Enquirer: 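Input: one structure, supplied below.
None of the values given here were measured: they were computed from a predicted structure.
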Amino acid sequence: MNGKQKRAAKPGPTDLNTREAVEQFRKAAEEFTKKATRSRESAMKVLVEAGMYTKSGKLTKNYRS
């Protein structure tokens, strides 16, 4: 790359203090919840991916009391 070429700017962090950002987040969270709770299997998959449960269905060490 020579001195005249510019790199594409990376998108900066989203300003979460706007109504639009809050509404976009709310819609995304609602869609995620619908997909994650569609069935017991999909809910368990989300919990395993989040590290709360093992693939065998037991709580991971960090979540046991």
Side-chain angles (χ1 to χ4, degrees):
M1 188 176 346
N2 65 32
K4 294 181 181 180
Q5 294 175 330
K6 291 185 179 181
R7 292 183 183 190
K10 293 181 184 177
T14 302
D15 181 8
L16 298 178
N17 294 318
T18 64
R19 286 186 177 171
E20 294 81 17
V22 171
E23 184 63 22
Q24 184 179 3
F25 176 83
R26 189 194 65 73
K27 286 180 181 180
E30 184 178 340
E31 185 64 29
F32 174 82
T33 301
K34 283 181 186 177
K35 287 180 182 179
T37 59
R38 195 169 287 164
S39 69
R40 180 174 173 89
E41 292 78 20
S42 62
M44 197 59 166
K45 180 181 176 188
V46 169
L47 294 172
V48 169
E49 289 174 354
M52 295 177 190
Y53 277 84
T54 64
K55 289 182 181 180
S56 64
K58 296 181 181 180
L59 280 173
T60 57
K61 184 178 180 180
N62 292 338
Y63 292 92
R64 287 185 230 142
S65 47

Enquirer: With sequence neighbours left out, write down each residue that passes side chain to side chain contact (heavy atoms under 4.5 Å, CB included) with Val46, or none if nothing qualifies.
Expert: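 Checked Val46 against side chain to side chain contact (heavy atoms under 4.5 Å, CB included); matches are Phe32, Ala36.
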Enquirer: Check side chain to side chain contact (heavy atoms under 4.5 Å, CB included) between Glu23 and all other residues, then give those that pass, not counting sequence neighbours.
Expert: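 Arg26, Lys27.
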Enquirer: Partners of Arg38 by side chain to side chain contact (heavy atoms under 4.5 Å, CB included), sequence neighbours excluded?
Expert: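 If we apply the side chain to side chain contact (heavy atoms under 4.5 Å, CB included) test to Arg38, skipping adjacent residues, the hits are Lys35, Ser42.
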Enquirer: What closest approach, in Å, do Thr37 and Thr33 show between heavy atoms, and which atom pair accounts for it?
Expert: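 Heavy atoms of Thr37 and Thr33 come nearest at OG1-O, 2.6 Å.
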Enquirer: Does any pair with a residue in residues 46-59 pass side chain to side chain donor-acceptor pair (under 3.5 Å), and if so which ones, sequence neighbours excluded?
Expert: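 Listed by first then second residue: Thr54-Ser56.
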Enquirer: Dump the intermediate steps for salt bridge (charged side-chain N to carboxylate O under 4.0 Å, His left out) on Lys45 and Glu41, then the final yes or no.
Expert: CA-CA 6 Å; Lys45 180 181 176 188; Glu41 292 78 20; over 6 Å; no
Enquirer: Checking Tyr63 now: which residues fulfil side chain to side chain contact (heavy atoms under 4.5 Å, CB included) with it, not counting sequence neighbours?
Expert: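 Per chain and number, Tyr63 pairs via side chain to side chain contact (heavy atoms under 4.5 Å, CB included) with Met52, Leu59, Thr60.
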